[in-house]
Amino acid sequence: MNEQRLDELLELKKAQAAEAEFAPAEEFRRGLDKCIKKRQLFRHRIYALAAAAAAIVCVTVVLLANFKPKEQKNAFADRLRETMKLFGVGEGFLFYNNELIGYERENGRGYKNLIKLHLTGQKDITLVFPSADEDVIALDDPLLSGYILVTRSDECTLVLELDLKDKTSNRKIKNIMTLPKPVSDHQELAPLNSTINLT
């Protein structure tokens, strides 16, 4: 091969290499824009997935915060029903916080109401007990003594008179209150709830 032919081949090779490395400016700009758009689309998809995951977590937290298992809601009612099945309606039972207190009922009529009182003050007390529309609950227990008088004032209202002594804190509880009675044909015991602040 002669020197002139060798120079021609080298020039041809350099020209091909120059064309392969550098594309025209328009083509380079289009390629760069395409790459940027792919990255932006990828980022938007990631943000959308993160937002969807956050929304699912928030909805789950809200649903779980409001969810109470049925057993937990009616634990006192279920325990009282079981106790009533064992001992009958002649005996009365009351839950003082989680402690079961028994008493003799003045009248042997059936229960129509499930009353839950939350007494707040120096020491919070929860009383849960079944009662008839007209009932006297006389207590003489190491935890609690006194009486609860239940009377029906009209078709939709119960009146409760409390005169109790909490022997654990040596505190007197005296109060008269009314509780609205829900109308319910499909439940044995209609639940009545009340919170009383005793300071």
Side-chain angles (χ1 to χ4, degrees), residues 59 61-199:
V59 167
V61 166
V62 167
L63 290 175
L64 288 177
N66 293 328
F67 175 75
K68 291 181 182 173
K70 189 174 183 177
E71 306 85 46
Q72 189 177 8
K73 278 185 179 178
N74 296 323
F76 282 120
D78 292 341
R79 287 170 63 187
L80 282 169
R81 283 187 185 102
E82 289 299 316
T83 306
M84 286 186 294
K85 283 179 188 175
L86 289 173
F87 296 100
V89 292
E91 294 291 319
F93 299 94
L94 173 134
F95 279 99
Y96 168 85
N97 293 334
N98 278 332
E99 297 294 324
L100 181 65
I101 298 174
Y103 60 91
E104 268 193 53
R105 294 188 68 208
E106 300 261 333
N107 62 25
R109 286 182 258 172
Y111 297 114
K112 290 188 177 179
N113 311 295
L114 175 63
I115 299 172
K116 182 176 183 181
L117 301 174
H118 185 73
L119 310 172
T120 61
Q122 299 165 347
K123 176 185 167 192
D124 288 356
I125 298 170
T126 301
L127 299 176
V128 180
F129 56 94
S131 79
D133 282 346
E134 304 289 329
D135 216 341
V136 176
I137 299 169
L139 301 166
D140 187 18
D141 190 80
L143 296 172
L144 195 63
S145 65
Y147 71 90
I148 301 171
L149 180 63
V150 180
T151 39
R152 162 112 7 243
S153 71
D154 61 27
E155 191 176 302
C156 300
T157 309
L158 279 180
V159 177
L160 266 66
E161 182 181 340
L162 302 175
D163 188 2
L164 300 170
K165 182 176 182 181
D166 179 10
K167 292 183 180 178
T168 60
S169 64
N170 224 10
R171 185 174 77 173
K172 294 279 273 172
I173 302 166
K174 282 188 162 218
N175 202 335
I176 296 176
M177 70 193 77
T178 59
L179 296 175
K181 180 174 179 170
V183 177
S184 175
D185 294 332
H186 62 278
Q187 287 183 338
E188 303 172 348
L189 299 176
L192 303 166
N193 295 306
S194 182
T195 300
I196 300 135
N197 189 1
L198 302 171
T199 50

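Residue indices begin at 1 and follow the sequence shown. Since the structure is predicted, the reported quantities are computational estimates derived from the model, not experimental observations.
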Practice task
Would you please test Ile148 and Leu117 for side-chain contact (heavy atoms from CB on, under 4.5 Å) and show each step?
Solution key: CA-CA 12 Å; Ile148 301 171; Leu117 301 174; 5.6 Å; no

Practice task
Ignoring hydrogens and angles, tell me if any N or O in the side chain of Lys167 forms a donor-acceptor pair with the backbone of Ser145 under 3.5 Å.
Solution key: no

Practice task
Measure across Ser153 and Val159 and return the closest heavy-atom pair with its distance rounded to 0.1 Å.
Solution key: CB-CG2, 3.7 Å

Practice task
Indicate yes or no: at least one non-hydrogen side-chain atom of Val61 is less than 4.5 angstrom from one of Val59.
Solution key: no

Fill in the blank from the handout: Heavy atoms of Val150 and Ser131 approach each other most closely as CG1-OG, 3.8 Å

Exercise for the section: Please answer whether the main-chain N or O of Arg152 pairs with a side-chain N or O of Glu134 as donor and acceptor at a distance below 3.5 Å. Expected result: yes

Practice task
Starting at CZ of Phe95, measure out to NZ of Lys116 and round the result to the nearest 0.5 Å.
Solution key: 11.5 Å

Practice task
State whether Lys165 and Asp140 are salt-bridged, where the test is any N-O pair (Lys NZ or Arg NE/NH1/NH2 against Asp/Glu carboxylate O) under 4.0 Å.
Solution key: no

Handout entry: Contact check, side chains of Ile176 and Leu162, non-hydrogen atoms, under 4.5 Å
Key = no

Exercise for the section: Check whether any side-chain N or O of Asn97 sits under 3.5 Å from a backbone N or O of Thr126 as a donor-acceptor pair, and report yes or no. Expected result: yes

Practice task
List the steps, then state whether side-chain contact (heavy atoms from CB on, under 4.5 Å) holds for Tyr147 with Ile137.
Solution key: CA-CA 5 Å; Tyr147 71 90; Ile137 299 169; over 6 Å; no

Problem - pair Leu179-Thr157: side-chain heavy atoms closer than 4.5 Å - result: no

Problem - Side chains of Lys172 and Asp163 in contact at under 4.5 Å (non-hydrogen atoms) - result: yes

Exercise for the section: Show your working on side-chain contact (heavy atoms from CB on, under 4.5 Å) between Leu144 and Leu127 and close with a plain yes or no. Expected result: CA-CA 11 Å; Leu144 195 63; Leu127 299 176; 3.8 Å; yes

Practice task
Answer whether the closest heavy-atom distance between the side chains of Val128 and Leu94 falls below 4.5 Å.
Solution key: no

Practice task
Output the distance between atom CG (Leu119) and atom CG (Asn175), rounded to the nearest 0.5 Å.
Solution key: 8.0 Å

Practice task
Check whether any side-chain heavy atom of Ile125 sits under 4.5 Å from a side-chain heavy atom of Ile173, and report yes or no.
Solution key: yes

Exercise for the section: For the residue pair Asp133 and Leu158, establish whether any side-chain heavy-atom pair is separated by less than 4.5 Å. Expected result: yes

Exercise for the section: Report the C-alpha separation of Tyr96 and Thr168 in whole Å, then their side-chain angles, then the decisive distance to 0.1 Å, and conclude whether the side chain to side chain donor-acceptor pair (under 3.5 Å) test is met. Expected result: CA-CA 11 Å; Tyr96 168 85; Thr168 60; 3.1 Å; yes

